[in-house]
Amino acid sequence: MNNTKPTSRLPMQILEQAKTMTRLPMQSLEPKTTPGSSRQTLEPKATTGLPTQMQTTQEPKAMAAGLPKQSLEPRAMAGLPMQSLEPKTMTGLPMQRVDPMLQLMRSDRHLFSSSDGSMMMRQIQATHVPDGREVDVRPLLHVIEDIVQRSTPNVLGANAHSHFDAFEDKTHQDGFTGILEAVAYTIHKISCEISSKCLDGADAHTTTLSLLNMLSSFSWDAKVVLTLAAFAVNYGDFWLLVQLYPTNHLAKSIMLLKQLPDVLEHNESLRSLVKAMLDVTKCIVELSELPAHYITPDVSAMSVATAQVPTAAYWTIKSVVACMSQMISLIGFRHEYTTSTNEAWELSSLTHKVNSIHDLLMKQLALCYQYIEEKRHVEAYQTLVRLFETLHIDNIKILKALFYTKDDLPLVDGFTKRRVSIDVLRRKSVLLLISDLSIPQEELSILEQLYRESRNIPSRPESQYEVVWLPVVDRVNPWTEAMQQQFDSMQLQMPWHTVYQPSAIDPAVIRYIKEVWHFVKMPLLVVLDPQGRVVCPNALPMMWIWGIAAFPFTSAREEALWKEETWRLELLVNGIDGTLLTWIPEGKFICLYGGEDIGWIRKFTTMARAAARIAGVPLEMVYVGKSNPRERVRRANEIIAAEKLSHYWPDLTSIWFFWVRLESMMYSKMQLGKTVEKDPIMQEIMRMLGYDSTNQGWAIIARGSGIPELARGNGEMMLTSFTQFDEWKEHVEPKGFIPALNDHLQHIQTPHHCTHLKLPGNVGRIMDTIVCAECGRLMEKFFMYECCNE
């Protein structure tokens, strides 16, 4: 027996030369005894008909401790000749080296070239012979994710703990263990098949088709998940050893036997490919789980996605084979292994391919989910329509459909600011305040005042209702931090119930609110009775007009209140000016006037007071400004106060509320189906709104309660009448001041007139046709766009 001590690590170098061939159709290594020596070397054994000579890309490493670097023509060991590892041509010259990784990638590109693509797809499809068995792959996918993410926790980052906690919850679900037991043997078979093919030198494509044939009876998602599970077992084994061997003697011993390097710990190419495989697998599983009730295979988005699945499955399984092949090749390379450029390039190329497939699947999945959402919205909308057409014993079903989510506490109590369930609204009248995130502060203040007033005496019938704010937010625009702050600010101001988050309102509900309740921009107050029936599509107009006296805020109550009304000063200024209301029983003549032209205001107030003084009538004048009071109305107030031209309302909110109530009267009448032709109050409302729509002034003079004496006209006619007071003053005593004024107004009126009526375009319901309040003719409709940054 030869006792010569072998040169340090030379056999490992020889092994290393052979192991670089793992990416070609592999040549297996068989032991061969060198003549005259008891030592064995590993020499390539021909497979698949290839010559036994090996082509290398890695130079042999230096000999240990001072020995010269080995030549590729090895020296005799222990004095005996040894066959060269450098393959030579017939002439004895070295052959040109061919990179095995490049050869594999070129082969892959050829397999899926445009000319052979259809042939490859037929080859892949031929392996798919499902037998109809159903495999719930989701639990298995959870385990795979857990293995991958615990092996490389930096992939998860900040979400690691939440993921691990979620996984622990899933493992305790019924049937979880049973599902894993059912597929454990299949996973083991796949792992053995991959290992066997890699060791036998089969190329990745052949191995992939072999696996597809083995899994032919499974669905595509099951094929991919089971193969990925086999990889996860091996991947997890390696990382378990890496994590345990510093402190666990058993792990350390296994690491010593396997001589595994720690190169995986720094192999970003491998990690990226593992993540890409997992992402594509998730997409394939998601596609298989899409609800057939909402999307069928003939839907365009689904059919395109389904057609991509076989290709996705092939490349994912092939990537598994590539990863397993590299991991198997690491055995025995404790210190010498370094990742070659070609290996990294191969993995990176696969990663790029798999990521491209993932992007395509994600786009199709997004289209599928969009289609499903649209179908769900249609179904939810139709359900909502049916619910409102059905009688119920209470309002809970309706309220759940409006803002109930999986969250059992969808509301926030306005007083305590704590979350509550919808049971607090059971069998109560519910007023749904519908708006966007910006309710005018004036409206909010008056609503709050009315709400708190109704709560002063809880036993009163007027207190037996609840208000809930439903903010309507356009889902097209992403929810931002600024929007959240705006919502929080509004929610904090409201003393009534609000939804916890705008997202609690389903898009189908938003569609119903817009299409059936005609919400556009201006707030609505939809009233539901204790059984959930809509008893008023918008109670805000009657609330602005009559306050809590309009309780229970039904359309029937609204109709009854109008039957009691006449066109009088109390209707115009009720709740705004208490002093003015005291003048009515005193028999004073009261003049309300408006506009922004300070020149006309000076002339009109001067001439009107002069005429009243001559006629000996007590006249009180009040400036009511203009709708949407801005800076010019504020300046007019200051001038009127400084020059003592008349009374005025110093708080612009009072001016705003005066015009809001007037508009509310119009909307209330429209809501009840009233028209200008047949409703005298409607005529007067439209006439005053017409005055406000012009740039001129206007005035209305009245005396008494009930059905008062009343005169009104635009600024030009009223100023002309008082300027010409001498022409009609002799009629004041026999006829009365207001009848005499009306006669003169009629006398100076010309056939020509031009009446305007501006209505906001952000209200839901406006009559298609409106007649002129002056002459009864049909008014023309124009669109007007205004920007005023005063």
Side-chain angles (χ1 to χ4, degrees), residues 440 442-454 456 460-462 525 536 538-555 557-594 620-627 629 646-672 674 679-689 691-692 698-710 712:
E442 299 89 350
E443 290 190 31
L444 197 60
S445 298
I446 294 175
L447 272 175
E448 182 180 352
Q449 177 184 339
L450 293 173
Y451 181 79
R452 295 190 185 280
E453 181 183 343
S454 69
N456 287 338
R460 292 171 57 185
E462 293 84 352
L525 196 64
C536 183
N538 187 13
L540 277 179
M542 72 172 100
M543 191 171 277
W544 294 147
I545 301 167
W546 296 289
I548 59 172
F551 182 85
F553 310 112
T554 64
S555 296
R557 176 60 176 162
E558 187 175 21
E559 183 86 52
L561 288 169
W562 274 121
K563 287 180 179 179
E564 298 171 4
E565 286 291 354
T566 57
W567 185 245
R568 56 199 178 104
L569 287 176
E570 292 94 330
L571 178 63
L572 288 174
V573 299
N574 186 35
I576 300 175
D577 191 338
T579 302
L580 187 152
L581 293 176
T582 64
W583 296 336
I584 295 174
E586 294 174 3
K588 291 184 177 182
F589 291 81
I590 301 170
C591 173
L592 302 180
Y593 71 97
E620 300 289 351
M621 305 182 72
V622 180
Y623 175 65
V624 297
K626 195 172 177 65
S627 62
S646 71
H647 298 281
Y648 65 97
W649 293 332
D651 184 5
L652 294 185
T653 302
S654 297
I655 296 177
W656 167 85
F657 192 45
F658 173 83
W659 290 103
V660 164
R661 290 182 75 254
L662 200 59
E663 288 180 0
S664 297
M665 293 175 197
M666 177 192 68
Y667 294 134
S668 176
K669 286 286 187 179
M670 286 182 178
Q671 197 164 262
L672 295 173
K674 307 301 180 182
D679 192 295
I681 296 179
M682 187 73 161
Q683 290 179 9
E684 297 297 335
I685 294 169
M686 301 302 278
R687 187 175 279 120
M688 286 194 67
L689 291 175
Y691 293 154
D692 183 63
W698 60 272
I700 177 172
I701 301 176
R703 181 191 185 193
S705 185
I707 302 177
E709 296 178 327
L710 186 144
R712 70 274 188 279

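Numbering starts at 1 and runs along the sequence shown.
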Notebook entry, point to check: So, for Asn538 and Leu525, which heavy atoms are closest and what is the spacing to 0.1 Å?
Noted result: OD1-N, 2.9 Å
Note to self: What's the separation between atom CZ in Phe658 and atom CG in Asn574, rounded to the nearest 0.5 Å?
What the structure shows: 12.5 Å
Note to self: Looking at every non-hydrogen atom in both residues, tell me the closest pair between Val573 and Arg661 and how far apart they are.
What the structure shows: N-NH1, 4.1 Å
Note to self: Is it the case that the ring center of Trp656 lies less than 6.0 angstrom away from the ring center of Trp649?
What the structure shows: no
Item checked: Evaluation steps, side chain to side chain donor-acceptor pair (under 3.5 Å), between Gln671 and Ser555 -> CA-CA 9 Å; Gln671 197 164 262; Ser555 296; 5.1 Å; no
Next item on the list: Measure the shortest side-chain to side-chain distance between Glu565 and Glu570 over non-hydrogen atoms and say whether it is less than 4.5 angstrom.
Entry: no
Next item on the list: Would you give the length of the straight line joining atom CE of Met670 to atom CG of Leu672, rounded to the nearest 0.5 angstrom?
Entry: 12.0 Å
Check: Hey, is Arg452 close enough to Glu448 for a salt bridge, meaning N to O under 4.0 Å?
Finding: yes
Next item on the list: Taking all heavy atoms of Tyr623 and all of Gly594, pick out the closest pair and write down the distance.
Entry: CE1-CA, 4.0 Å
Next item on the list: In sequence, state the C-alpha distance, the side-chain angles, and the governing distance for Thr566 and Leu571, and then conclude on side chain to side chain contact (heavy atoms under 4.5 Å, CB included).
Entry: CA-CA 8 Å; Thr566 57; Leu571 178 63; over 6 Å; no
Next item on the list: Check whether any side-chain N or O of Arg568 sits under 3.5 Å from a backbone N or O of Ala702 as a donor-acceptor pair, and report yes or no.
Entry: no
Checklist line | Side-chain heavy-atom pair Glu442, Leu652 within 4.5 angstrom cut-off | finding: no
Check: Where is the tightest heavy-atom contact between Leu580 and Ile590, given as atom of each residue plus distance?
Finding: O-CD1, 3.9 Å
Checklist line | Side chain to side chain, Ile545 and Leu561, heavy atoms closer than 4.5 Å | finding: no
Check: In Å, rounded to the nearest 0.5 Å, how long is the span from SG of Cys591 to CG of Leu569?
Finding: 10.0 Å
Item checked: Heavy-atom side-chain contact between Leu710 and Ile700 under 4.5 Å -> yes
Note to self: Measuring from atom CD1 of Ile685 to atom NZ of Lys669, what distance do you get when rounded to the nearest 0.5 angstrom?
What the structure shows: 6.5 Å
Next item on the list: Could you check if a side-chain atom of Trp567 sits within less than 4.5 angstrom of a side-chain atom of Leu572, using non-hydrogen atoms only?
Entry: yes
Next item on the list: Quick one: closest heavy-atom pair of Met542 and Cys536, and the distance?
Entry: CE-SG, 3.5 Å
Note to self: Once you measure the plane-to-plane angle for Phe657 and Trp544, does it fall in the parallel (<30°), tilted (30-60°) or perpendicular (>60°) bin?
What the structure shows: perpendicular
Check: Are the side chain of Asp692 and the backbone of Ser627 linked by a donor-acceptor contact shorter than 3.5 Å?
Finding: yes
Notebook entry, point to check: Partners of Glu564 by salt bridge (Lys or Arg N to Asp or Glu O under 4.0 Å), sequence neighbours excluded?
Noted result: none
Next item on the list: Evaluate the side-chain proximity of Ile681 to Lys674: yes if any heavy-atom separation is below 4.5 Å, no if none is.
Entry: no
Notebook entry, point to check: Do the side chains of Trp562 and Trp546 get nearer than 4.5 Å, heavy atoms only?
Noted result: yes
Item checked: Mutual orientation of the aromatic rings belonging to Trp698 and Trp659 [parallel < 30°, tilted 30-60°, perpendicular > 60°] -> perpendicular
Checklist line | Note, Ser454 side chain near Phe551 side chain (heavy atom, < 4.5 Å) | finding: no
Checklist line | Minimal non-hydrogen separation, Met621 against Ser646, with atom names | finding: O-CB, 3.5 Å
Item checked: Spacing of CD1 belonging to Ile548 relative to CD belonging to Glu453, to within rounding of 0.5 Å -> 4.0 Å
Margin query: To the nearest 0.5 Å, what is the distance between CE on Met686 and CE on Met665?
Written below: 13.5 Å
